[in-house]
Every structure is written in structure tokens, then in C-alpha cells.
There are 2 protein chains.
Amino acid sequence: MTVDKGLLIVLSGPSGVGKGTVRKAVFDNPDTDFKYSISMTTREKREGEVDGVDYFFKSHEEFEKLIEQDKFIEYAEYVGNYYGTPVDFVRETLENGHDVFLEIEVEGAKQVRDRFPEALFIFLAPPSIAHLESRLIGRGTDSQEVINHRVQEAKRELELMNLYDYVVINDSVDEACRKIHSIVEASHLRRSRVERTLRKLLLEADN
Amino acid sequence: MTVDKGLLIVLSGPSGVGKGTVRKAVFDNPDTDFKYSISMTTREKREGEVDGVDYFFKSHEEFEKLIEQDKFIEYAEYVGNYYGTPVDFVRETLENGHDVFLEIEVEGAKQVRDRFPEALFIFLAPPSIAHLESRLIGRGTDSQEVINHRVQEAKRELELMNLYDYVVINDSVDEACRKIHSIVEASHLRRSRVERTLRKLLLEADN
């Protein structure tokens with residue numbers, strides 16, 4: 001990835017930590033100028049979710065066909081459903097110099113790391129495990145059995161945070177958003193990214 | 001440096017780029033909670049400068065005695081005067097968990113890099129060399145000869161930016177301040193810095 005390409009921003013973290021809520025708040029901010037990569041999933045639409053806005057909702061058959069065609073940057077099966085990131089939108093948007101924001105599961109983030117090691121990996125962590133569990137219960141969409149399973153998964157997923165560049169604790173959605181914006185802004189200012197512009201400055205200085 | 005210690009923030013860049021102006025604006029922001037390390041110098045006080053606020057002003061003899069006593073993190077002779085960062089304040093403040101902000105010359109930053117490789121190095125760059133020169137002229141404190149010398153120095157110093165973590169172009173003082181705050185905030189969220197807190201979280205989760 002050269003400096004002129006956009007930055008690939010990956011927000012992940014355990015199930016129930018509030019990734020979706022934080023992502024929505026990030027994009028509600030009018031200063032946000034990165035593009036959201038909409039995930040594809042086979043899970044049931046939840047109340048209020050819109051196809052093509054929250055997710056692209058697909059059948060198992062459709063999803064598996066796209067896997068065969070290598071149309072995902074990452075995909076995972078999670079609690080019986082597929083979740084994936086379509087590759088074409090991401091590549092084209094980065095090539096055009098725009099930042100792309102992925103909000104994905106921890107397993108998927110591992111795959112992105114292998115393919116895009118220069119991406120920016122942000123781990124959204126819960127203030128505590130108890131907090132995570134109560135959030136899952138409050139959502140009211142899962143049975144206690146599913147919740148127990150998700151909490152076990154979350155503990156396992158927390159151990160994967162050492163693959164990330166940054167960790168944001170989600171104790172306040174507004175604060176988490178602000179921190180994500182700071183991380184993205186700082187990443188754009190990394191010397192390795194701006195070197196080309198600066199080299200130009202030096203050449204001009206010699207004229 | 002362990003995670004509980006403060007972060008050492010080093011702002012540097014070519015002479016005349018506006019380091020002092022940006023530093024003052026950073027500290028005028030009431031949200032700034034890092035401590036400013038006041039430099040020591042043998043140069044003449046400029047109009048409006050206050051001893052113990054802008055610099056500690058010392059004689060050549062006093063400064064050289066402190067060099068002998070190894071009382072500087074870094075010091076440099078620059079256009080015939082010494083500039084240095086007293087070591088005691090920095091170490092104590094970092095140990096107490098506060099961030100310390102240094103605004104220093106490029107040569108000094110190199111010395112800090114050798115002693116504190118984990119510090120955060122921010123290079124303040126001019127929008128162009130022409131911009132830098134007109135700023136030095138506008139300051140009205142230096143002769144044309146000194147200005148020419150400073151511009152030559154600045155070109156040489158620009159080549160040292162590859163030792164820095166971040167580059168902020170000083171085309172607007174407000175924007176430069178905001179960017180510095182983002183860089184510092186992001187640095188506090190680096191996974192390597194917050195790992196200890198998170199490990200505690202994991203241990204609690206196992207109880």
C-alpha cells in the first residue's frame with residue numbers, strides 16, 4: 001500500500017462489546033470522511049436493520065457461492081451463520097484514496113491481518129466481562145444458552161487482542177468514537193505515510 | 001518505561017517552523033494535561049519572554065557547569081548559544097505517571113531518541129521553505145546573515161525527519177495543536193501501553 005492509497009481501518013472485538021453501536025456513532029459524526037464497508041451475513045435481520053445499510057443479507061447458498069468465487073477479504077462462520085467482507089468495494093475505495101472502515105468479528109480480523117498487515121487494527125474492549133454479559137442479556141435477541149456461549153467466546157477473543165495496534169475500552173460510546181477518530185488521524189500523520197509529500201517539499205527547497 | 005509511567009512527547013523541527021507558537025497554543029488548551037519541560041538556554045531573552053516560563057536563562061558558565069554534572073537529557077550549541085533539557089524534572093514527572101512535553105531543537109531530539117527510544121517523536125514541518133524564511137524575517141530578531149544560516153540549517157534538519165514517528169505540517173497553529181493532541185491520545189491507546197490493564201481485565205474474567 002503506497003501513501004496515496006486510503007487507510008484500511010479495522011474495528012473488532014468480542015461479540016456484545018458494542019461494535020455496531022460505536023460504528024453507527026462514528027458514521028453519525030459529520031466529520032467522518034471514511035467509507036463504511038457493509039458486511040454480508042446469513043443471519044436473520046434484527047428489528048430496525050435494513051438490507052444494504054446494516055448488512056447485505058444473503059442465503060447460505062448465495063454466501064457459499066461467493067466464497068467459491070473468492071469474493072471475500074475475510075469471512076467466518078459464527079454461532080451458525082456466515083459473516084464476510086466483500087473484497088471489491090474495499091480494494092476500489094482504497095485505490096481511490098479513501099479510507100475504508102470495517103466492523104468485523106475477531107476471527108475475520110485475523111484473516112484481514114494476514115492479507116493487509118499495513119491496516120490499522122483497533123480492538124474494542126468491554127469495561128468488564130460482567131458488563132459484556134449484561135449487554136447481551138439487555139439486547140434480548142439471544143437465549144441464555146447463546147449468551148453463555150457468546151461470553152465464553154468473548155473470553156477467548158479477548159486473548160486475541162495482542163494482534164491489534166490499538167485498544168479502545170467501550171465505557172462510553174462518545175468517548176470511544178472520539179478515540180477512534182484520534183487513532184485514524186494520528187495514523188495519517190505517521191512519518192512513513194507522509195514521507196512522499198515531504199520529499200517533494202525537500203526537492204522544491206533545492207530549486 | 002513501563003505502562004504506568006507517563007509518555008515523553010518530543011516536538012521538534014527546523015528553526016523558524018513555529019515550535020514555540022505551537023507549544024504555547026498546546027498549553028493554552030485547557031484539555032492539555034501534560035507537563036511542559038522548560039528548556040534552559042544561554043541565548044538572550046526576547047521581548048515578552050519570562051525566565052522560568054519560556055526558558056531558564058543561564059550564563060555560559062552556569063550552563064557548562066550543569067553539563068559537567070550530567071544534568072541534561074540533551075543539550076546543543078546552536079548559532080553560538082546553548083539550549084538544553086534539565087533531566088531531573090523529566091524523570092520525576094514521568095515516574096509520577098504524567099506526560100512530559102519537550103519542545104526542542106532537532107539536534108537535541110536526536111540525543112533524546114538515543115536515551116528514550118520509547119518516546120513519541122513529532123516533527124513539525126513548514127508548509128514550504130519559502131514560508132519558513134518569511135517567518136524568520138517577520139520575527140525581526142535576526143540579521144539577514146543569521147536568517148540565511150538558519151535556512152541552510154533548516155534544509156539540513158528537514159532531512160532528519162526520518163528519525164521521527166509523526167510529522168505535522170504547521171500550516172495552521174490550531175490544526176497543528178489538534179493533530180498533536182490526536183497523536184498523544186492515540187499513543188496512549190497503543191495496545192503495547194494498555195496491555196497490563198487489559199490483562200487485569202482478563203484475570204478478573206476468570207474469577
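Since this is a predicted model, take the numbers as computed values, not measurements.
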Taking everything shown except [X] itself, do over 12 heavy atoms lie less than 6.0 Å from its [atom1]?
| X | atom1 | result |
| --- | --- | --- |
| Tyr164(A) | OH | yes |
| Arg91(A) | CZ | no |
| Glu44(B) | CD | no |
| Phe121(A) | CZ | yes |

query: Does Tyr166(B) reach the side chain of Arg190(A), with side-chain heavy atoms less than 4.5 Å apart?
result: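 Heavy-atom side-chain distance check passes, below 4.5 Å.
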field: Nearest non-hydrogen partners of Arg191(B) and Asn162(A), listed with the distance
entry: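 Heavy atoms of Arg191(B) and Asn162(A) come nearest at NH2-O, 3.0 Å.
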- request: Starting at CD1 of Ile169(B), measure out to CG of Leu189(A) and round the result to the nearest 0.5 Å.
  value: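 Between atom CD1 of Ile169(B) and atom CG of Leu189(A) there are 9.0 Å.
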Distance (rounded to the nearest 0.5 Å) between Lys179(A) NZ and His188(B) NE2: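 Those atoms lie 11.0 Å apart.
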